[in-house]
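Read the numbers this way: they start at 1 and go in the same order the structure lists the ligands and their atoms.
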Amino acid sequence: MSAVSPESAAFPGLVDSHCHLDFPDFDGKMAEIREEMRANGVTHALCISVNLPAFPKVLDLAQAHDNFFATVGVHPDHEVRTAVDRARLVELARHPRVVAIGETGLDYYRVSGDLEWQRERFRAHIRAARDCGKPLVIHTRQAAEDTLTIMREEDAGEVGGVMHCFTESQTVADAAVALGFHISFSGIVTFKNAAEEVARLRGISLSEVAAATTDNFFRLFKEGGV
Ligand SMILES: [Zn+2]
Ligand SMILES: [Zn+2]
């Protein structure tokens, strides 16, 4: 294993592909957070939108810092039962700093009852992503089968994306990969020791993990308008 540590200049750098820095917990702490990122070799971050009223704050972060990017979308747990207009999503996604649609998906764990509204909203996000040619950030919890069915029916593979904070089975992971999606590690591995644990499990160095994941990130999430 290579001895290149995150503190070293030779370290390729890690990307946080899923963070919620617009949440009120982080208000007034951006300098501190960015310093912590630097100290841990985290070079870029993707700020994830969870609802449309909060989107301007997410976009502001991506405009204020050149190593932050933004997504636009409504989390399956948010704004319960509110329909999301596909055209509106496409319009907001036109901004060059918006690199993906999401987070979207299905969550049958935190929300119950007739969830047809959640499935319809997921479909609207996939259609918007295909309209603007930007990838998807998908959240799925206790809804793997329906998530995959809708991804197939709506041809989500045309744009691809990330299944974030993935906790489903290998079979579900294989199906998502077959559709052209990446599987993201849970947030826990972005802590220093946990990233090293991934390297150990894969039998590769932390630098190699960083180089591979950063390469995946920039191949998938591209800055630019539509
Ligand atoms: Zn999230
Ligand atoms: Zn999520």
J.: With under 30° as parallel and over 60° as perpendicular, where do the rings of His139 and His164 fit, or are they tilted in between?
T.: tilted
J.: Is the His182 to Phe217 ring centre distance short of 6.0 Å?
T.: no
J.: Any idea how many protein N, O or S atoms are nearer than 2.8 Å to the Zn ion (ligand 2)?
T.: 3
J.: Do we see a donor-acceptor contact under 3.5 Å between the side chains of Glu36 and Asn40?
T.: no
J.: Looking at residues at least two apart in the chain, or sitting in another chain, which of them share a ring-ring contact (aromatic ring centres under 6.0 Å, His included) with Phe181?
T.: none
J.: Going by an N to O cut-off under 4.0 Å, is there a salt bridge joining Asp107 and Arg141?
T.: no
J.: Determine whether a donor-acceptor pair (N or O, by modelled atom type, separation under 3.5 Å) exists between the side chain of Asp22 and the backbone of Lys57.
T.: no
